Trainee: 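So that we are looking at the same thing, I have put the structure below in structure tokens.
In this text the structure is predicted, and so the values were computed from the model without any measurement. The figures that follow rest on heavy atoms only: side chains count, while hydrogens, waters and symmetry mates do not. The sequence lines fix the lettering, A, B, ..., with proteins before strands; numbering per chain opens at 1.
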Amino acid sequence: MAHADSDIPNFRYSSALAQDIELRWQHYWDSHGSFEAPNPAGPLGDRAAVAGRERMFVLDMFPYPSGAGLHVGHPLGFIGTDVFSRYKRMAGYNVCYTMGFDAFGLPAEQYAVQTGQHPAITTAANIANMRRQLARLGLSHDKRRSIETTDPQYYRWTQWIFLQIFNSWYDTSANNGVGSARPIAELISAFEDGSRATPDGRAWSSLSKGEQRSVVDDHRLAYVSEAPVNWCPGLGTVVANEEVTADGRSERGNFPVFKRNMRQWMMRITAYADRLIDDLELLDWTDAIKTMQRNWIGRSEGARVRFASAAGDIEVFTTRPDTLFGATFMVLAPEHPFVALLTTADQADAVAEYQSVAKAKKDIDRQDATREKTGVFTGSFATNPVNGQQIPVWIADYVLMGYGTGAIMAVPCGDHRDFEFARQFGLSIPAIQQPPASWFAERNIAESLDTSTWPEAFVGDAVYVQSANADGLELNGLSSVTEGKRLANEWLQARDRGHGTVNFRLRDWLFSRQRYWGEPFPIVYDELGPIGLPDSSLPVLLPETESFSPRTFDANDEFSNPESPLDRLDWWTDIDIDLGEGTRSYHRDTNVMPNWAGSCWYELRYLDPTNTDVLVDKEVEQYWMGPQGDGHPGGVDLYVGGVEHAVLHLLYSRFWHKVLFDLGHVSSKEPFHRLFNQGMILAAAFKDERDVYVDAASVQEAGGQFTFEGKPVTREWGKMGKSLKNAVSPDEMYEAYGADTLRLYEMSTGPMDASRPWETRDVVGMHRFLQRIWRNLVDEETGELRLGAAADIDTVRLLHRTINDVRADMDDLHFNTAIAKMIELNNALTKLGACPHDLAESLVLMIAPLCPHIAEELWSKLGHTDSLTNTPFPVADPALLVSENTELPVQVNGKFRSRIVVPTDATDDQVRAAALADDKVIAALAGATPKKIIVVPGRTVNIVA
RNA sequence: GCCCGAGUGGCGGAAUGGCAGACGCGGAGGACUCAAAAUCCUUUGUUGGCAACAACGUGUGGGUUCGAGUCCCACCUCGGGCACCA
């Protein structure tokens with residue numbers, strides 16, 4: 001940091017000085033454990049240090065350690081949570097704030113396969129690099145609490161939670177009908193003592209051992225089943241519904257995904273569907289995310305109705321049982337098992353052909369709503385239960401096997417799809433509701449119940465017509481759909497033709513992957529099925545092997561079969577162990593858990609990372625995450641992360657947390673009480689004439705035109721990253737300005753929840769601000785403090801207004817406006833020429849959460865010997881927030897014409913008089929008599945003439 | 001198609017229904033310098049005017065109000081989510 005050869009003062013706040021200060025203070029914080037937060041009990045316990053302090057659990061969505069390293073877009077949220085954590089510490093809170101790494105999963109494994117390096121090695125190297133880059137930002141993490149999901153001491157508990165889920169069932173009658181997970185042992189006892197009937201009604205003791213096992217396994221919250229799953233040959237594994245994009249490809253790698261029946265592990269998340277929707281009410285999340293979760297879970301109320309047919313009852317799900325009188329045909333999904341039974345000989349060829357065409361289509365093609373309706377008649381009929389009518393049964397690919405029952409009753413007059421289908425194939429469309437006159441008027445047609453004149457189906461509340469039978473169901477004249485549904489459901493239920501029910505879009509969670517880099521299942525098999533290993537055998541270590549590459553296939557080879565890498569390891573898969581029947585051989589489960597497993601519960605482990613007895617001590621969990629008063633669900637006080645996890649991580653982790661809550665392991669109903677979605681940092685990306693991205697850093701701008709190596713390029717805005725060649729490394733910013741400037745810049749460019757473009761040339765503004773603060777307090781030539789005498793009253797008032805505003809902004813995560821106000825204060829100090837000591841201290845404490853290194857350095861220059869980490873944040877004196885006189889703008893007829901200065905405590909009449917006496921007001925009135933004068937105290941005066 | 005957001009200077013953005021454009025970048029002018037960089041000072045919504053000042057101005061069109069960027073209605077554009085879900 002020698003400036004001997006230049007004329008820059010030796011103690012100017014330059015990038016070199018900033019780096020010197022930053023590294024020194026980072027070392028100080030590390031060596032003093034400045035950010036270690038005490039627990040109320042356990043290994044990190046310090047009861048005395050906890051006493052009398054409110055808790056604050058601040059959490060970032062932990063990062064995935066990729067090989068590419070960080071760019072300046074990554075730490076936006078981390079800086080925000082750090083500023084907030086530091087502010088809350090100074091406001092007296094006990095703050096739990098740390099960071100771990102989500103390190104199992106496909107990206108690390110794909111990278112390992114590409115490089116030939118074992119994923120354990122590349123993952124460790126990536127984590128080390130990421131820790132280094134993050135450390136340089138000066139984040140105030142409690143480093144004792146950091147975890148890595150790949151650490152056996154961590155995934156031991158991931159496996160333990162899996163076993164808890166495996167060893168539980170969902171008792172829908174528990175907790176006043178809300179339902180609750182309960183230990184599977186309680187289910188077995190209930191079967192044994194007869195208090196719960198077996199599925200087929202036989203006595204439990206008369207079931208064979210295999211039958212008993214199978215009955216119990218069918219109830220588990222984690223279970224193996226043969227079901228349609230998403231098979232991704234390009235990845236060599238199955239993936240969850242949530243990991244398949246809208247166009248039928250894998251979110252990772254963008255490979256085609258095929259629906260195939262396979263035996264896989266599932267998690268019974270659907271048991272929690274209602275609670276996952278209902279408890280959203282308890283959360284401080286944005287409506288956008290809540291809506292996304294509600295849509296994903298997709299709750300719809302309706303009824304199951306059975307239509308008699310030659311193949312037996314065809315069960316359908318409908319949200320409109322009140323429209324049964326309008327059901328004039330049925331449609332089965334082409335894959336429906338009844339199709340074979342219902343198809344008549346003369347329709348056999350047409351049906352077979354349609355089925356094979358449908359099968360060849362990907363889901364994405366079948367789900368294109370704009371496509372013309374296609375379908376084939378099976379040749380058979382079914383009986384409409386409300387009127388005995390024989391209605392034709394068709395198959396069509398707009399009915400999906402995966403939703404509801406894979407069969408629908410078609411009500412063409414009241415459903416757009418059924419209407420189109422009926423028109424297409426000339427099926428009858430009787431009206432069962434009288435649409436209002438406005439409906440006809442909007443469509444420019446005459447009012448008529450002759451649907452051949454209708455351009456489309458009518459959907460909504462309207463009077464029912466032609467909706468009655470001789471058997472007591474009478475809807476005619478009713479106009480309430482709610483009431484119609486209720487009557488229809490009652491009628492169906494009474495005659496055992498159906499019942500009201502709730503259907504969900506949410507499917508059970510496909511939990512197994514045929515890959516290497518994940519948590520092994522703590523499961524072995526005997527000839528009857530899966531057996532959970534005892535807790536004492538945890539962790540089940542991921543076996544060491546150089547043969548970690550998954551067997552992948554041609555991405556389009558739909559009929560290939562997954563092969564787990566672990567399956568190749570005979571020495572590992574075959575195990576001799578005593579599970580209560582004496583030592584014998586078992587075969588291990590060779591799947592691994594999905595990426596999401598480790599992130600489903602990591603916030604709990606942060607609380608008690610070294611506990612070897614339980615995943616988290618109950619008292620510790622209660623302290624950091626327990627409910628805060630009536631109706632509060634408990635959970636992390638502030639969770640910050642990107643919106644991209646709206647339905648994956650955030651749904652899965654809520655589910656796991658609720659299971660742990662039901663089983664009594666945690667006191668919080670929900671893991672994340674307040675969720676905040678930070679925006680993304682966008683950056684300009686440039687394409688040349690071949691549409692290829694060019695290195696954004698080398699693009700020149702002149703007069704609004706962009707060129708790369710002399711050739712014109714076009715600009716677009718996108719997410720910062722390698723693929724757009726527009727990444728800016730934080731290392732460059734540390735070098736040019738230091739970490740405090742980078743932190744301040746990122747916080748100043750906009751509100752936390754907004755995405756904003758990165759502009760390297762703008763960063764200097766925040767560097768100049770820090771230079772000016774420094775220069776106001778420190779002599780640039782000598783490095784000594786240069787402070788002045790007491791400030792005038794206006795400056796003191798400005799200080800207290802600033803303190804007041806900054807506190808409010810910090811509490812609301814409005815860091816950009818907090819910064820603006822501190823810049824204003826500092827600019828006022830610059831004009832003052834010299835800063836008094838007490839004012840300097842207040843300013844330094846206020847900037848400390850945002851730019852902690854320079855603040856610590858100035859704090860120590862101000863004569864303090866220890867860190868300001870826990871020094872109280874300045875408090876405004878209410879008496880100094882008001883001044884004697886107030887300037888008020890005066891409007892005449894709504895236009896601002898003048899300003900008057902009045903005593904702050906002036907009465908409305910005094911303000912009125914002052915306004916009317918003002919020269920400009922008199923001129924604006926031009927002799928007119930005021931009709932009305934509105935005084936808004938402290939704000940404005942409006943004279944209406 | 002349905003459901004959410006958001007449209008403010010050249011740019012990022014600020015504004016409990018009460019002086020639109022805080023703060024920063026950029027631009028213009030100046031100081032320092034042999035010069036440049038860095039730094040500092042002044043200025044900067046648009047139009048007209050030497051100026052005081054005036055008119056206009058928050059996507060478009062209406063409305064509510066003493067007063068609207070802010071509230072209501074309709075529309076346009078952009079971003080996001082869901083989508084033949086029965």
Trainee: Between atom CG in A:Asp812 and atom C1' in B:A15, what is the gap in whole Å?
Mentor: 15 Å
Trainee: Provide the distance between the two C1' atoms, one in B:C84 and one in B:A74, to the nearest whole Å.
Mentor: 31 Å
Trainee: Where the side chain of A:Arg775 is defined as all heavy atoms beyond and including C-beta, which of B:C85, B:U39, B:G81 is the nearest nucleotide?
Mentor: B:U39
Trainee: In whole angstrom, give me the gap between the C1' atoms of B:C11 and B:C73.
Mentor: 33 Å
Trainee: Taking only the side-chain heavy atoms of A:Gln771 (C-beta and beyond), determine which of B:A86, B:A14, B:U39 contains the nearest atom.
Mentor: B:U39
Trainee: Would you indicate what A:Thr405 reaches in the nucleic acid, counting non-hydrogen atoms under 4.0 angstrom: base, sugar-phosphate, or nothing?
Mentor: nothing
Trainee: Mind checking the CD1-CG spacing from A:Ile819 to A:Asn826? Nearest 0.5 Å is all I need.
Mentor: 13.0 Å
Trainee: Between A:Arg756 and B:G13, is there a side-chain N or O to OP1/OP2 distance below 4.0 Å?
Mentor: no
Trainee: Applying a 4.0 Å non-hydrogen cut-off, can you work out what A:Ile823 is touching in the nucleic acid: base, sugar-phosphate, or nothing?
Mentor: sugar-phosphate
Trainee: For B:G26 and B:G21, measure between their C1' atoms and round to the nearest Å.
Mentor: 16 Å
Trainee: So A:Asn893, base contact, sugar-phosphate only, or nothing? Heavy-atom distance under 4.0 Å.
Mentor: nothing
Trainee: Centroid-to-centroid, A:Tyr745 to A:His767, below 6.0 Å?
Mentor: no
Trainee: Regarding A:Val936, tell me which of base, sugar-phosphate or nothing describes its non-hydrogen contacts under 4.0 Å with the strands shown.
Mentor: base
Trainee: Please step through salt bridge (Lys or Arg N to Asp or Glu O under 4.0 Å) for the pair A:Asp313 and A:Arg497, ending with a clear verdict.
Mentor: CA-CA 9 Å; A:Asp313 283 351; A:Arg497 295 314 302 174; 3.3 Å; yes
Trainee: Under 4.0 Å, counting only non-hydrogen atoms across every strand here, what does A:Arg768 touch: a base, just sugar-phosphate, or nothing?
Mentor: sugar-phosphate
Trainee: Is A:Lys373 close enough and on-axis enough to A:Tyr398, meaning under 6.0 Å and within 45°, for cation-pi?
Mentor: yes
Trainee: Starting at CG of A:Asp809 and ending at C1' of B:A15, how long is that distance when rounded to a whole Å?
Mentor: 12 Å
Trainee: For B:C11, what is the paired nucleotide under Watson-Crick or G-U wobble rules, both distances under 3.5 Å?
Mentor: B:G24
Trainee: For the side chain of A:Asp908 and the backbone of A:Pro937, is there at least one donor-acceptor N/O pair under 3.5 Å apart?
Mentor: no
Trainee: Counting only Watson-Crick pairs (N1-N3 plus N6-O4 or O6-N4) and G-U wobbles (N1-O2, O6-N3), all under 3.5 Å, who is the partner of B:U65?
Mentor: none
Trainee: Determine the Euclidean distance between corresponding C1' atoms of B:G45 and B:A28; express it in Å to zero decimal places.
Mentor: 15 Å
Trainee: Is it true that atom NZ of A:Lys290 has more than 12 heavy atoms of other residues, nucleotides or ligands lying nearer than 6.0 Å?
Mentor: yes
Trainee: With RNA chain B as reference, determine whether A:Val647 or A:Pro889 sits nearer its 5' end, using the nearest nucleotide of each.
Mentor: A:Pro889
Trainee: Between B:G24, B:C84, B:C82, spot the one nearest the side chain of A:Arg417, thanks.
Mentor: B:C84
Trainee: Measure from CD on A:Glu716 to P on B:G79 and round the result to the nearest Å.
Mentor: 12 Å
Trainee: Choosing from B:C85, B:A86, B:G67, which nucleotide comes nearest the side chain of A:Asn942?
Mentor: B:G67
Trainee: State, without any angle test, whether A:Ser300 and A:Asn503 hold a side-chain donor-acceptor pair at a distance under 3.5 Å.
Mentor: no
Trainee: Do A:Phe421 and A:Trp394 make the cut of ring centroids closer than 6.0 angstrom?
Mentor: yes
Trainee: Of all the choices, B:C4, B:C66, B:A55, which nucleotide is nearest to the side chain of A:Arg897 once you look at every atom?
Mentor: B:A55
Trainee: Report yes or no: is there a donor-acceptor pair, N or O only, under 3.5 Å between the side chain of A:Lys931 and the base of B:C66?
Mentor: no
Trainee: Taking the nucleotide of RNA chain B with the closest heavy atom to each, which residue, A:Val944 or A:Lys831, is nearer the 5' end?
Mentor: A:Lys831
Trainee: Can you check whether any acceptor in the base of B:C19 is under 3.5 Å from a donor in the side chain of A:Arg899, or vice versa?
Mentor: yes
Trainee: Nearest to the side chain of A:Leu400, which nucleotide is it out of B:C85, B:U39, B:C82?
Mentor: B:C85
Trainee: Please determine, for B:A54, whether a Watson-Crick or G-U wobble partner exists with both distances under 3.5 Å, and give it or none.
Mentor: B:U47
Trainee: With syn defined as a glycosidic angle within 90° of 0 and anti as everything else, classify B:G81.
Mentor: anti
Trainee: With no hydrogens and no angle check, is any side-chain donor or acceptor of A:Glu781 less than 3.5 Å from a backbone partner on A:Pro9?
Mentor: no
Trainee: A:Phe419 has an atom CZ; how far is it from atom P of B:G1, in whole Å?
Mentor: 18 Å
Trainee: Select base, sugar-phosphate, or nothing to describe what A:Phe896 touches, counting heavy atoms under 4.0 Å on all strands.
Mentor: sugar-phosphate
Trainee: Using atom NZ of A:Lys920 as one end and atom P of B:A52 as the other, report the distance to the nearest whole Å.
Mentor: 11 Å
Trainee: Any side-chain N or O of A:Asn816 less than 4.0 Å from the OP1 or OP2 oxygen of B:G12?
Mentor: no
Trainee: Between A:Lys895 and B:C56, is there a contact of a side-chain N or O with OP1 or OP2 at under 4.0 Å?
Mentor: yes
Trainee: Taking atom C1' in both B:U64 and B:C72, what distance in whole Å separates the two?
Mentor: 7 Å
Trainee: Using both distances under 3.5 Å as the test, list the Watson-Crick or G-U wobble partner of B:C75, or none.
Mentor: B:G59
Trainee: CE of A:Met720 versus P of B:G12: gap in Å, rounded?
Mentor: 16 Å
Trainee: Does A:Arg505 place a side-chain N or O at less than 4.0 Å from the phosphate oxygens OP1/OP2 of B:A83?
Mentor: yes
Trainee: Does the pair A:Met810 and A:Val83 meet the rule for a side chain to side chain contact (heavy atoms under 4.5 Å, CB included), with working shown?
Mentor: CA-CA 8 Å; A:Met810 288 280 187; A:Val83 173; 4.0 Å; yes
Trainee: B:G29 pairs with which nucleotide, Watson-Crick or G-U wobble, both distances below 3.5 Å?
Mentor: B:C41
Trainee: If you check the A:Asn827 side chain, which of B:C66, B:C23, B:A20 turns out closest?
Mentor: B:C23
Trainee: Counting only side-chain N and O atoms of A:Arg761, is one of them less than 4.0 Å from OP1 or OP2 of B:G26?
Mentor: no
Trainee: Rounding to the closest angstrom, what is the interatomic distance between B:A35 and B:G57 at atom C1'?
Mentor: 44 Å
Trainee: Figure out the CG/P separation between A:Asn677 and B:G80, and round it to whole Å.
Mentor: 15 Å
Trainee: Between A:Ile289 (CD1) and B:G80 (P), how many Å, whole number?
Mentor: 14 Å
Trainee: Quantified in whole Å, what is the P atom distance between nucleotide B:C56 and nucleotide B:G1?
Mentor: 40 Å
Trainee: To the side chain of A:Val764, which of B:C41, B:U39, B:C85 is closest?
Mentor: B:U39
Trainee: Any N or O donor-acceptor pair linking the side chain of A:Arg939 to the base of B:U16 at under 3.5 Å?
Mentor: yes
Trainee: If I pick the P atom on B:G17 and the same atom on B:G30, what distance separates them, to the nearest angstrom?
Mentor: 45 Å
Trainee: Assign A:Glu759 to base, sugar-phosphate, or nothing according to its heavy-atom contacts below 4.0 angstrom with the strands shown.
Mentor: nothing
